[in-house]
Amino acid sequence: MEIRYELSKNLKEKPTDETKLGFGHVFTDHMFIMDYDTGMGWHDARIVPYGNIELSPAAMCLHYGQEIFEGLKAYRTADGKIQLFRPDENFKRMNVSAERMVIPQIDEEFCLKALMELLKIEKDWVPHTDGTSLYIRPFIISCDPYVGVRPADHYMFIIILSPSGAYYSTGLNPVKIYVEQKYVRAVRGGTGFAKTAANYAISLAGQDEAHKQDYEQVLWLDGVEQKYVEEVGSMNIFFVIDGEVITPLLTGSVLPGITRKSAIEICKKKGYKVSERRISIQEIADAYDNGKLQEVFGTGTAAVISPVGHLKWGDKIMTINDNKIGEISQMLYDTLTGIQYGKLPDEFGWIYKLED
Ligand code: COI
């Protein structure tokens, strides 16, 4: 499919102080869009000025949430070049999410090419300051103007770009996490493994409660027994107990994070014992009481590696590693960001470079 270009005549001012970018507030000059119609497939691929899109108030995504999205980043290397981290994995996962949400499959290679074309136009928006990147948000929405419940016939696939800093305002400093006991995020057979809006909407009540208690994020337990740890919502979760690196098994209700998968591969290569298994919150509390809970950290594209300094489960407050960044968290952060920003060799073959 050919991509049509309609470039903006009014380019925006780029942020002057990149240390104040925050996360997801600023958007670039252009976006990529293509349409899908039953009988025609994906068509009319175009790069157009970033701006509001026209959508009927009856558009199905607005009523029933038939939507999927992805999150990845473009990084600027010391020599000024731009590169991506495992973008093929994002488009692959997008098709897994699409299948669950009865959204038509995308051509993964074409979407990656379209992203590269968009990045070539927007390359000056990739920030230069340490710890910043250009956050990339591809998403698909159902657009038919119809208020009945069924899969749509018309969809839009859009990619927008946002120069960003750290996801958490605390950066790499440990976050405070609250173990949710009232609400659940996902159940087996549901949509937990898909990157779809509903999983995030459903998390807001828990997050709101956590914020009221001065905690940044929610740790979700399984939706049936509320016994086993699942994920944080904005990131996957890892525990280091007595030298063993443990992360919940992907049982269908946990997002298969690309940073999660990369962290597992790095830890294994460095010789750590890594287990993907079910782990109960009681096992974590016991390990804490026995002095064996060495580290807790989250992994995510936006969050990268986020050490957890406090974990609150009911009345029990666990302070992990003296609220300091642990050895494995730091190693993973340095290795991942080292590869992403081109400071370390790409020994796993994860980097895609943007051609000049
Ligand atoms: C990401 O890490 O890219 C995500 O999509 C999570 C989102 C909460 C920012």
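Indexing begins at 1, ligand by ligand and atom by atom, following the structure's order.
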Distance filter under 4.0 Å to F69 heavy atoms, resulting ligand 1 atoms
5 (O)
min-distance protein heavy atom vs atom 2 (O) of ligand 1 -> A302 N, 2.9 Å
Please tell me whether F157 and F110 form a close aromatic pair, meaning their ring centres lie under 6.0 Å apart.
no
Does the distance from a Lys or Arg side-chain N to an Asp or Glu carboxylate O, for E231 and R260, drop under 4.0 Å?
no
Is L55 linked to V147 within one hydrophobic cluster, defined over Ile, Leu, Val, Met, Phe, Trp and Tyr using a side-chain heavy-atom separation of less than 4.5 Å?
no
If the cut-off is 4.0 Å to any non-hydrogen atom of R137, which atoms of ligand 1 fall inside it?
5 (O)
Distance under 6.0 Å and angle within 45° of ring axis: K176 vs Y215
yes
Is ligand 1 under 4.0 Å from a heavy atom in the side chain of K73, in the backbone, in both, or in neither?
neither
Atoms of ligand 1 less than 4.0 Å from S234 heavy atoms?
8 (C)
Using distance alone, determine whether Y167 and ligand 1 share an N or O pair under 3.5 Å.
no
Quick check, are the ring centers of Y135 and F23 under 6.0 angstrom apart?
yes
Relative to atom 6 (C) of ligand 1, which among K195, Q217, M235 owns the nearest non-hydrogen atom?
K195
Could you tell me whether A303 and ligand 1 have an N or O pair separated by under 3.5 Å?
no
Looking at K270 and E327, does any basic side-chain N land under 4.0 Å from a carboxylate oxygen?
no
Note: D289-K316 ion pair, threshold 4.0 Å (strictly below):
yes
When you measure from atom 1 (C) of ligand 1 to every protein heavy atom, which one gives the shortest distance, and what is it?
Y135 OH, 3.3 Å
